[in-house]
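Protein chains get the first letters and strands the later ones, always in sequence-line order, with residue 1 at the start of each. Only this structure's heavy atoms are used, side chains among them; waters, hydrogens and symmetry mates stay out.
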Amino acid sequence: MAKVVVDVMPKPEILDPQGQAVARALPRLGFDGVSDVRQGKHFELEVDDSVDDDTLAKIAEGFLSNPVIEDFVVRRVAE
Amino acid sequence: MAKVVVDVMPKPEILDPQGQAVARALPRLGFDGVSDVRQGKHFELEVDDSVDDDTLAKIAEGFLSNPVIEDFVVRRVAE
Amino acid sequence: MTARIGVITFPGTLDDIDAARAVKYADIEAVSLWHGDHDLKGVDAVVVPGGFSYGDYLRAGAIARFAPVMAKVVDAARGGMPVLGICNGFQILCEAGLLPGALVRNHKLHFVCRDQWLRVENTSTAWTTRYEPGAEILVPVKNGEGAYMADEATLDALEGDGRVVFRYVGGNPNGSRRDIAGISSRDGRIVGLMPHPEHAIDALTGPSDDGLGMFLSALDALQGAAA
Amino acid sequence: MTTLDSVKHAESTPDTALPWAELGLKEDEYARIREILGRRPTDAELAMYSVMWSEHCSYKSSKVHWHYWQENTTEEMRAKMLAGIGENAGVVDVGDGWAVTFKVESHNHPSYVEPYQGAATGVGGIVRDIIAMGARPLAVLDPLRFGAADHPDTKRVLPGVVAGIGGYGNCLGLPNIGGEVVFDPSYQGNPLVNAMCIGAMRSEDLHLAHASGVGNKVMLFGARTGLDGIGGVSVLASETFSGDESGTGRKKLPSVQVGDPFTEKVLIECCMELYREGIVVGIQDLGGAGLSCATSELASAGDGGMRVELDRVPLRATGMTPAEILSSESQERMCAVVKPEDVEAFLRVCRKWDVIATEIGEVTDGDNLVITWHGETVVDVPPRTVAHQGPEYHRPFERPTEQDVLRSATPDLLPRPSTPEELRETILTMISSPNLASREWVTQQYDRYVRGGTVLAQPCDSGMIRIDEETWRGVAAATDCNGRFVKLDPYTGTQLALAEAYRNVATGGATPLGVTNCLNFGSPEDPGVMWQFEQAVKGLAEGCRELGIPVTGGNVSFYNQTGDTAILPTPVVGVLGVIDDVRRRIPTGFGNEAGESLILLGETREELGGSEWAHVVHGHLGGTSPEVDLAREKLLAQILVAGSRDGMVSAAHDLSEGGLAQTVVEMALIGQTGARVVLDPDLDPFVQLFSESAGRVLVAVPRSEELRFTELCSARGLPWRRTGVVVPESDSLEIQDVATFPLDELRTAWEGTLPALFD
Ligand SMILES: Nc1ncnc2c1ncn2[C@@H]1O[C@H](COP(=O)(O)OP(=O)(O)O)[C@@H](O)[C@H]1O
Ligand SMILES: [Mg+2]
């Protein structure tokens, strides 16, 4: 068993209304000094050791993200 | 300037219908070996060096997550 | 003296005109309140209506609860002013800590808009005295993050104190714990619910006029207080 | 290109080669641009011309057929229109000083690539068209087409599209009051996502897009401009939709945009406040072709020139070039023209709503649209040549020979059910088939209640909203198209689409007033497709003339095909109607009155070509489409409107796909009330139950009104037949001598299909 994390983020050139809403709100809440926020998705998967990196990339690219508008990063993490 | 990542996840005892939907769909798409999926949010913040860890924790706890239903992790990452 | 109920508009609020209409149907004056206001214009009660305040991009209600007007609502509510949160308004009241728990993504992950039967479980709150105990009413529900969540201890306490005001009957639309559709504060002055009584004030434009009772109850509460 | 390609630079480097072909321009088109300018264009000018002269923006393949609209719009029809073809959206006068604007548009290709965002931004775009007329958007409808319901890719596309339409429309606070969901394998690689919006205003508030008044300021407001959709428009029109590398050496950019419905909602409220305060002279939305389109259209519709300082545009990305800024399709932006003395007030309203607003230029007394970049002129063009004088193709069109084969393959010899058991089974098969099953899985994701004025919505024939709370005046709308009928006969098929939308509006008790359309076809380079298109336009224009209601606007979408195979020709027709008191609307379900009789209006013939039965049971498409009789449709509508006004009709539902069987099942299920149907003993029950003859509506009439109503029909010459009774105490539907169905059994069959496919 391994734990795998996939982070999916809007591509840099793509509008990120969620991140912008957070960024705009922070100063109103009294938090200064945050110049940019982007918001994406964070997946944590429990996978069998049989699942190789290639398969993980396919899952991330073909299903967890839409490559037209999103980038992803896959990491295996130690438990 | 520093880059800070905040991951917000549903608490273990809270249902995670999004993660479950992913977990259920994977075998249908021909991907076996993924036994559990949880889905949360991933934030990437650009912050001034003046922003300390305390402030970051406040932003994450009081705003980016709702402690009733979510846990969070804050990390500073090297650029 | 006629009663006056404030209806808050945040950027992204949608059902403010509906809430104001419902207030007027109950012969109460509707006063519109702006998210940036620092006072409540002397109203006797407040409705926090539905919609997607600030887009609800982070989490429903998460940004709205920090609006200046909400600070005033929190103070007034703690002082006993009747407050009704509908849908996004309920989410905002939970985020603001006026009501316990949280509203999360619907179990089927879809926005759901449908006519929904509710049982009125508590008819002693400021917003429900016009209903018969156990009455079943038909009002629209429409939300994407409407599943009520709280830990077991909180749920038990809510049940024990009679603070579950509305429960879904005939099917739970969103996976709410214990079929909870709406809850109240301990003193019954603050009520939050996901379904939309303001869309059920006329059988022509809604499934029934069952929702009007909530606004008429508020009228009674306010007039009773004045008398 | 590292040096700025200014006009001066272009003049001094006449031989520099520009990538006109990559931008979708033809050689003669590029030559014409050079001729208009008397020099080579700058790259910014080339970007403008190429997007504005694309199929999507210039209608270059379709415009030669627009004479049909002109020829068929009589003075009387024109008199009802406050704005028509050529404006952002058509506007009709609905009485009492109210003007209503409505339009349908496609967002097909982006929705295949990114279903959620493609559909969402489709809604966003059409809503801005409505705002740009000066109206408050009030409702949306969404005609959709997908591949086979059980195809795995449909499971990717449909849920995403539906969630996107809901996600955007719900967040704007616009009730969704109708639409279509149709499955056919021809849409497999090319779903159709059309979106319609309706808005209302007081007639005097009508705003047209024009920039007049020398010295008036040009204000850009709404979202920042980013790198989204650059080249998107020309890509849509250039026979591929896989992205395109326009711009100056950037990596491939997605041609899909991400919508921000919250920004659009705030933009709506901001515009409404600007209109209320009377501080807008002219306004234009930024849609396809972004600033290129907005500035050239505003300038060419005004009486002078315009100067724009492009470096003032608020940007979201760094290092954007003038050409990129001009062609960016970032969403949620508008462009307004205001008097200099109103600029402060304009900015104040924008600040209130937290909307970014920037003065980017002004109206000049010159003739040209002049755009500068840090002081240097990068565009200097006559705006009409960009906006309105694009190329016009005379594409060949010809009726394909296979059309004869198709029409001779009639459904006559297909085996039919005949015993009561077979008929019973067929009814259950039909009502649970993907095209006839309940749409609730879809429509449940749409808010129909917001604004509190919806009096009819799904699953009724038309949507209806109240527009005036004092007088109860309202409007109704429906969209329709049966692509199989259009395939069998594009002229008649399009008239059938018109007839159905018209009938659906009347079925709710409203009087049809105007028409919009979205013509979805395959490649215009295929003469057979072009023939379908020409026939469709002619059919629609002539049909509207016969009905006496004008086409007020519309949209064309070509290149809808997978490989060489075109979609079923799909000219979606939207009809708008008015009702002076929405309390008189006719509901769809049985059981609104104590005793009701069922009257079938119209005539049933054996018409099964292109029918849902042939499709579902035999996978067959061939023969001739049903006949269309528009004079009859008009009479039928008048009777329904009279029936609504005088309280003679307590429920009504038209007969379309699936025929009488489908209609009566739906009326029983919607009303949760049983009925007994008595078929005509002299006619084949199968034909009565499943024929799709046009011009028919099943009405429920209170017993007390039956005589008055049927006498009215007889007097006016509308055929009718008493077809049964509603049985309020019953929970089953009996079709005499055929079968009795418990309502629960019907409900399970009708409602189970889409959840089983998509949950
Ligand atoms: N995509 C959609 N969005 C909203 N409403 C829809 C959609 N598809 C179908 N509907 C609604 O579902 C009902 C049934 O659709 P349909 O069978 O196509 O109607 P009709 O045959 O009367 O044109 C109608 O009320 C229609 O407006
Ligand atoms: Mg119909």
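Side chains of B:Val4 and B:Val77 form no contact here, defined as non-hydrogen atoms less than 4.5 Å apart. The side-chain heavy atoms of A:Phe31 and B:Val51, taken from C-beta on, include no pair separated by under 4.5 Å. Two residues are said to be in side-chain contact when any heavy atoms from C-beta on lie closer than 4.5 Å; A:Val73 and A:Val6 fail this criterion.
Taking all atoms of both residues into account, the shortest heavy-atom contact from A:Gly40 to A:Pro10 is CA-CD, 4.2 Å.
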Between chain A and chain B, identify every pair of one donor and one acceptor N or O atom lying under 3.5 Å apart.
{"unit_1": "A:Asp7", "atom_1": "OD1", "unit_2": "B:His42", "atom_2": "ND1", "d": "3.2"}
{"unit_1": "A:Gly33", "atom_1": "O", "unit_2": "B:Asp48", "atom_2": "N", "d": "2.8"}
{"unit_1": "A:Ser35", "atom_1": "N", "unit_2": "B:Glu46", "atom_2": "O", "d": "2.8"}
{"unit_1": "A:Ser35", "atom_1": "OG", "unit_2": "B:Glu46", "atom_2": "O", "d": "3.3"}
{"unit_1": "A:Asp36", "atom_1": "O", "unit_2": "B:Glu46", "atom_2": "N", "d": "2.9"}
{"unit_1": "A:Arg38", "atom_1": "N", "unit_2": "B:Glu44", "atom_2": "O", "d": "2.9"}
{"unit_1": "A:Arg38", "atom_1": "O", "unit_2": "B:Glu44", "atom_2": "N", "d": "2.9"}
{"unit_1": "A:Gly40", "atom_1": "N", "unit_2": "B:His42", "atom_2": "O", "d": "2.6"}
{"unit_1": "A:Gly40", "atom_1": "O", "unit_2": "B:His42", "atom_2": "N", "d": "2.9"}
{"unit_1": "A:His42", "atom_1": "N", "unit_2": "B:Gly40", "atom_2": "O", "d": "3.0"}
{"unit_1": "A:His42", "atom_1": "O", "unit_2": "B:Gly40", "atom_2": "N", "d": "2.7"}
{"unit_1": "A:His42", "atom_1": "ND1", "unit_2": "B:Asp7", "atom_2": "OD1", "d": "3.2"}
{"unit_1": "A:Glu44", "atom_1": "N", "unit_2": "B:Arg38", "atom_2": "O", "d": "2.9"}
{"unit_1": "A:Glu44", "atom_1": "O", "unit_2": "B:Arg38", "atom_2": "N", "d": "2.8"}
{"unit_1": "A:Glu46", "atom_1": "N", "unit_2": "B:Asp36", "atom_2": "O", "d": "2.8"}
{"unit_1": "A:Glu46", "atom_1": "O", "unit_2": "B:Ser35", "atom_2": "N", "d": "2.8"}
{"unit_1": "A:Glu46", "atom_1": "O", "unit_2": "B:Ser35", "atom_2": "OG", "d": "3.3"}
{"unit_1": "A:Asp48", "atom_1": "N", "unit_2": "B:Gly33", "atom_2": "O", "d": "2.8"}

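Qualifying side chain to side chain contact (heavy atoms under 4.5 Å, CB included) partners for A:Ala23, counting only residues two or more places apart in sequence or in other chains: A:Val37.
Of the atoms belonging to B:Leu64, it is side-chain heavy atoms, and not backbone ones, that fall under 4.5 Å from chain A. With a threshold of 4.5 angstrom between heavy atoms, B:Leu45 approaches chain A through its backbone and through its side chain. For A:Phe43, the parts sitting under 4.5 Å from any heavy atom of chain B are the backbone and the side chain alike.
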Query raised in the report: Can you check side-chain contact (heavy atoms from CB on, under 4.5 Å) on B:Ile59 and A:Val34, steps first, answer last?
Result: CA-CA 10 Å; B:Ile59 291 177; A:Val34 179; 4.1 Å; yes
Query raised in the report: When you look at B:Val74 and B:Val5, which way does the side-chain contact (heavy atoms from CB on, under 4.5 Å) test go after all the steps?
Result: CA-CA 6 Å; B:Val74 181; B:Val5 167; over 6 Å; no
